[in-house]
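From a predicted model like this one, the values you see are computed outputs, not experimental measurements. One-based numbering, in listed order, for ligands and for the atoms of each.
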Amino acid sequence: MSGGYACLSVGEIRSSMEEKGTRVILAADLFTISEISYILNEVGSHICMLKTHVDGIHDFDLNRWMDEVVEPARKMGVLLFEDRKFADIGYISKIQMLGHHRIAEWADVVTAHRISGPDIIEGIHDAWRECGRKGSVAVLAQMSSSGNLLDEEYCRKVVNSCRGIDGVCGFIGNGSEPSNISELRSLVGSAKMILTPGINLNSGEARMGQRYGHPKEAIAAGSDAVIVGSGIIRSADPLGAARKYAEETSA
Ligand code: 5IU
């Protein structure tokens with residue numbers, strides 16, 4: 001089902017990543033626009049996507065966001081990935097895409113749960129269409145946090161139900177456990193992407209139920225790209241760390 005809407009294809013996203021020559025997605029979990037803009041400028045050449053939680057930014061202002069984050073990211077060939085984890089019915093997800101943060105106006109990829117039904121994908125794409133833009137949805141099939149309820153059966157249902165939906169570019173998998181990634185890859189095949197959070201070279205850095213795996217192992221197990229936050233942004237040398245993660249994920 002394409003639902004008659006244009007979307008950012010898996011091929012377009014994969015070739016944008018190939019052009020950048022890195023499989024690192026930066027989780028920029030910072031609190032101000034200046035901090036995010038700074039880290040983007042610092043490590044932009046070693047990342048393929050900038051993942052944000054825009055509702056966690058204390059001083060959010062759309063004009064500044066567009067000028068200081070979105071435009072520089074576009075110039076660097078970095079895709080904008082809003083990890084909003086939409087979960088409501090299709091229409092509400094659409095109005096959230098078009099709400100205060102205007103996610104549809106700048107995000108290229110957003111995350112969503114499959115729990116509420118397939119219409120959530122339609123609602124999200126409807127918002128992009130209203131803005132004259134296109135994007136794609138990464139659906140949560142697994143999570144990296146301990147004690148989560150996304151079990152194997154749920155994961156299989158998610159993957160099977162999204163297989164034929166062009167507006168879904170792929171799935172979020174659990175990067176902390178290589179066997180979870182390889183199982184997910186055999187379920188998914190090669191047609192869609194697997195993006196994996198829960199990645200850190202120092203597993204001791206995990207906080208509040210987070211679990212960490214190694215970037216090289218995640219890629220070897222079938223991940224398209226690793227999502228790294230603390231390992232880069234909390235490093236004393238973010239540029240060196242980003243370069244290191246990029247090297248760990250290169251073939
Ligand atoms: N994130 C996870 N695990 C998940 C999903 C998303 O950690 O299962 I779905 C997000 C949360 C945070 C980033 O923005 O990925 C990981 O950051 P750290 O590398 O700092 O743990």
Side-chain angles (χ1 to χ4, degrees), residues 22-31 35-36 39-40 43 46-57 69 79-87 101 103 107 109-116 120 124 136-152 154-155 158-159 162 168-181 183-184 188 192-219 221 223-236 238 241-242 244-246 248-249:
T22 161
R23 292 166 178 242
V24 175
I25 296 171
L26 177 70
D29 295 328
L30 298 162
F31 308 110
E35 287 173 305
I36 296 180
I39 196 88
L40 171 65
V43 309
H46 299 291
I47 61 170
C48 56
M49 295 190 213
L50 178 75
K51 188 180 84 65
T52 52
H53 285 288
V54 76
D55 49 1
I57 300 174
V69 176
L79 294 174
L80 290 150
F81 176 176
E82 168 57 25
D83 190 7
R84 176 59 181 74
K85 299 184 181 72
F86 292 101
H101 298 108
I103 297 169
V109 176
V110 300
T111 48
H113 284 283
R114 170 64 180 79
I115 191 89
S116 63
I120 191 167
I124 290 170
S136 194
V137 181
V139 177
L140 276 73
Q142 298 171 340
M143 290 191 76
S144 65
S145 44
S146 54
N148 73 71
L149 300 177
L150 285 69
D151 62 14
E152 270 178 51
Y154 179 79
C155 174
V158 166
V159 171
C162 292
V168 172
C169 60
F171 303 95
I172 304 294
N174 170 24
S176 73
E177 185 44 70
S179 65
N180 281 182
I181 304 175
E183 282 157 25
L184 183 58
V188 170
K192 292 204 190 285
M193 306 178 67
I194 296 176
L195 312 176
T196 56
I199 298 291
N200 197 309
L201 289 164
N202 175 11
S203 56
E205 270 195 47
R207 297 179 296 186
M208 299 182 83
Q210 177 67 301
R211 298 172 298 186
Y212 285 130
H214 194 283
K216 206 185 243 340
E217 288 176 11
I219 296 294
S223 172
D224 282 86
V226 296
I227 296 171
V228 184
S230 308
I232 296 174
I233 64 171
R234 314 241 172 266
S235 164
K244 172 95 178 121
Y245 279 92
E248 292 287 344
T249 54

query = Can you name the closest pair of heavy atoms from I120 and A112 and give their distance?
reply = CD1-CB, 4.2 Å
ask   = Purely on distance, is any nitrogen or oxygen of G229 under 3.5 Å from one on ligand 1?
value =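 Among all N and O atoms of G229, at least one is under 3.5 Å from an N or O of ligand 1.
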Passing option when L80 is tested against V54, T52, L50 for side chain to side chain contact (heavy atoms under 4.5 Å, CB included) = L50
May I ask you to identify the nearest protein heavy atom to [atom], giving residue, atom name and distance to one decimal place in Å?
{"atom": "atom 20 (O) of ligand 1", "result": "S230 OG, 2.5 Å"}
{"atom": "atom 21 (O) of ligand 1", "result": "Y212 OH, 2.6 Å"}
{"atom": "atom 4 (C) of ligand 1", "result": "P197 CG, 3.4 Å"}
{"atom": "atom 12 (C) of ligand 1", "result": "D29 OD2, 3.2 Å"}

inquiry  = With heavy-atom distances below 4.0 Å as the criterion, list the atoms of ligand 1 near H53.
reply    =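 Counting atoms of ligand 1 from 1, those under 4.0 Å from H53 are 14 (O).
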task = For I172, counting its heavy atoms only, list the atoms of ligand 1 lying under 4.0 Å from any of them.
result =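 So the answer, numbered in order with elements, is 9 (I).
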Student check: side-chain heavy atoms of E248 and E217 closer than 4.5 Å =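 No; the side chains remain at least 4.5 Å from each other.
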ask   = Counting heavy atoms only, which of K85, R207, H113, K51 is nearest atom 6 (C) of ligand 1?
value =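 Considering heavy atoms of K85, R207, H113, K51, the nearest to atom 6 (C) of ligand 1 sits in K85.
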query = Just going by heavy-atom distances, which of R234, Q210, Q142, R211 is nearest to atom 16 (C) of ligand 1?
reply = Q210
message = Is a donor from one side chain sitting under 3.5 angstrom from an acceptor on the other, for S144 and N174?
response = no
task = Indicate, as side chain, backbone, both or neither, the part of S144 found under 4.0 angstrom from ligand 1 when only non-hydrogen atoms are considered.
result = both
inquiry  = Which residues pass the side chain to side chain donor-acceptor pair (under 3.5 Å) test with E35, not counting sequence neighbours?
reply    = T32
task = Return the set of residues passing side chain to side chain donor-acceptor pair (under 3.5 Å) with D224 (not counting sequence neighbours), or none when no residue passes.
result = R14, R185
request  = Kindly say whether V168 contributes a backbone atom to a donor-acceptor pair with the side chain of K192 at under 3.5 angstrom?
outcome  = yes
Heavy-atom gap D83 to ligand 1 smaller than 4.0 Å = yes
